[in-house]
Amino acid sequence: MSQQTLKRGAFIVFEGCDRAGKTTQCKQLVEQLTGAGHKAKFMNFPDRSTQYGQLIDRYLTRKDDIVDQGIHLLFTLNRWEMLCEMERQLKNGVTLIVDRYSFSGVAFSAAKGLDMEWCKAPEAGLLKPDLVILLTMTAEALAKRGGFGDERYEIPEMQTKVMEKYMQLKDDRYWKVLSADKPFDELTKELYEIVLNVMNRSGERSLEKLW
């Protein structure tokens, strides 16, 4: 297939509170898509394998303390590190299913009291997703999920504030809000149909920049 006729992959981001099931659903989707013959790849942010990702990991696991503005910029830098690779994959026809992106960075930092416009500024110019799926759950349901509370931000009050910030960031032109408080397989089926629809629409569109 020539480069001119090669359709690009779709860029799909999953957002939501911690332990809402984003990672598991993302991986399940990639498995289903590849099983059906599509090119798809799972990515997640922060990418803790990179130089900056390792600093973020030390912060999230409470080994290091970093001022709020500094950790926000580290999260942003972690995304800029991956920009060229993401563009390459998408242009080669690979659909990227991404667990967390710029919206997480802004929502969590703004929930800690930083100015939202300041938080958005260093993210401007990164790739804009074709679709953002925001998975919602009540704080009570989240607290019952396995592993909740293991990391720095996993307290119900923080998660409630984060969800409020997500709702301020939400852009109905390319966001979809879904409740994750339903049987896993039921949600997976719903997500798969949504993702296929976006893949079909996105193939011939140019990649856009965020904000």
Side-chain angles (χ1 to χ4, degrees), residues 7-18 20 22-23 25-26 29-30 40-48 50-53 55-56 68-136 153 161-178 191 194-195 197-211:
K7 292 185 176 181
R8 74 164 173 88
F11 176 21
I12 295 166
V13 167
F14 279 69
E15 294 284 10
C17 291
D18 291 321
K22 297 179 307 305
T23 306
Q25 288 290 357
C26 286
L29 272 173
V30 169
K41 181 180 179 182
F42 168 75
M43 293 183 71
N44 67 302
F45 289 103
D47 181 338
R48 304 189 195 206
T50 70
Q51 179 182 354
Y52 300 111
L55 294 174
I56 293 168
D68 289 342
Q69 291 86 343
I71 192 63
H72 179 78
L73 294 174
L74 271 180
F75 271 102
T76 302
L77 191 54
N78 191 233
R79 286 182 275 277
W80 281 103
E81 282 183 288
M82 300 303 295
L83 174 63
C84 293
E85 174 62 14
M86 291 172 73
E87 284 183 328
R88 186 184 72 78
Q89 295 273 2
L90 290 165
K91 287 174 180 176
N92 283 335
V94 179
T95 286
L96 296 180
I97 306 291
V98 182
D99 177 12
R100 295 205 178 285
Y101 193 57
S102 299
F103 315 100
S104 278
V106 174
F108 277 83
S109 291
K112 290 190 286 183
L114 297 183
D115 177 75
M116 186 175 277
E117 292 307 313
W118 183 91
C119 294
K120 288 170 70 174
E123 309 279 342
L126 287 168
L127 291 177
K128 178 183 175 183
D130 296 298
L131 173 69
V132 177
I133 294 173
L134 179 64
L135 294 181
T136 65
Y153 297 142
K161 285 182 185 175
V162 167
M163 189 54 66
E164 289 169 2
K165 300 302 178 184
Y166 274 134
M167 299 313 284
Q168 290 175 36
L169 287 167
K170 182 168 70 77
D171 184 333
D172 291 333
R173 290 171 294 181
Y174 66 106
W175 281 57
K176 198 166 190 69
V177 181
L178 294 174
L191 291 170
I194 291 167
V195 166
N197 186 36
V198 172
M199 287 168 65
N200 291 333
R201 292 202 321 262
S202 304
E204 293 170 7
R205 292 182 182 173
S206 299
L207 289 168
E208 295 181 38
K209 301 294 186 185
L210 197 57
W211 298 318

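- In this structure the side chain of Leu178 reaches within 4.5 angstrom of the side chain of Ile194, judged on heavy atoms.
- Of the possible polar contacts, one joining the Asp130 side chain to the Phe11 backbone as a donor-acceptor pair under 3.5 Å is found.
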Quiz item: Do Glu15 and Lys22 pass the salt bridge (Lys or Arg N to Asp or Glu O under 4.0 Å) test, and can you show the C-alpha distance, the side-chain angles, and the key distance before you say yes or no?
Solution: CA-CA 7 Å; Glu15 294 284 10; Lys22 297 179 307 305; over 6 Å; no

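- Summarising the geometry of Leu90 relative to Ala10, their closest heavy-atom pair is CD2-O, 3.4 Å, with the distance given to 0.1 Å.
- A donor-acceptor contact closer than 3.5 angstrom is absent between the side chains of Asn44 and Thr23.
- Within the 3.5 Å criterion, the main-chain N or O of Cys119 finds a donor-acceptor partner in the side chain of His72.
- Atom NZ of residue Lys7 and atom OG of residue Ser202 lie 10.5 Å apart, to the nearest 0.5 angstrom.
- Rounded to the nearest 0.5 Å, atoms CG (Asp115) and OG (Ser109) are 11.0 Å apart.
- In this structure a side-chain-to-backbone donor-acceptor pair under 3.5 Å is missing from Trp175 to Met167.
- Remark: Lys120 qualifies as a cation-pi partner of Trp211 under the 6.0 Å distance and 45° angle criteria applied to the six-membered ring.
- Atom CD of residue Glu81 and atom CE of residue Met86 lie 12.5 Å apart, to the nearest 0.5 angstrom.
- With rounding to the nearest 0.5 angstrom, the OG atom of Ser104 is 3.0 Å from the OH atom of Tyr166.
- For the pair Asn78 (side chain) and Leu74 (backbone), a donor-acceptor distance under 3.5 Å is absent.
- Crowding of Glu204 atom CD: a count of heavy atoms from other residues, nucleotides or ligands under 6.0 Å not exceeding 12.
- With rounding to the nearest 0.5 Å, the separation of CG in Leu77 from CD in Gln51 is 8.5 Å.
- In this structure, the separation between NZ on Lys112 and CG on Asp68 is 4.0 Å, given to the nearest 0.5 Å.
- The shortest distance between side-chain heavy atoms of Met116 and Leu169 falls below 4.5 Å.
- When atom types are taken as modelled, the side chain of Tyr101 and the backbone of Lys128 share no donor-acceptor pair closer than 3.5 angstrom.
- Side-chain contact between Asp99 and Phe45 is absent, with no heavy atoms from C-beta onward closer than 4.5 Å.
- Without hydrogens or angle criteria, Asp171 side chain to Arg173 main chain gives a donor-acceptor distance under 3.5 Å.
- With 3.5 Å as the limit, one finds a donor-acceptor pair spanning the side chains of Gln89 and Glu85.
- Of all heavy-atom pairs spanning Val30 and Lys41, the tightest one is CG2-C, 3.8 Å.
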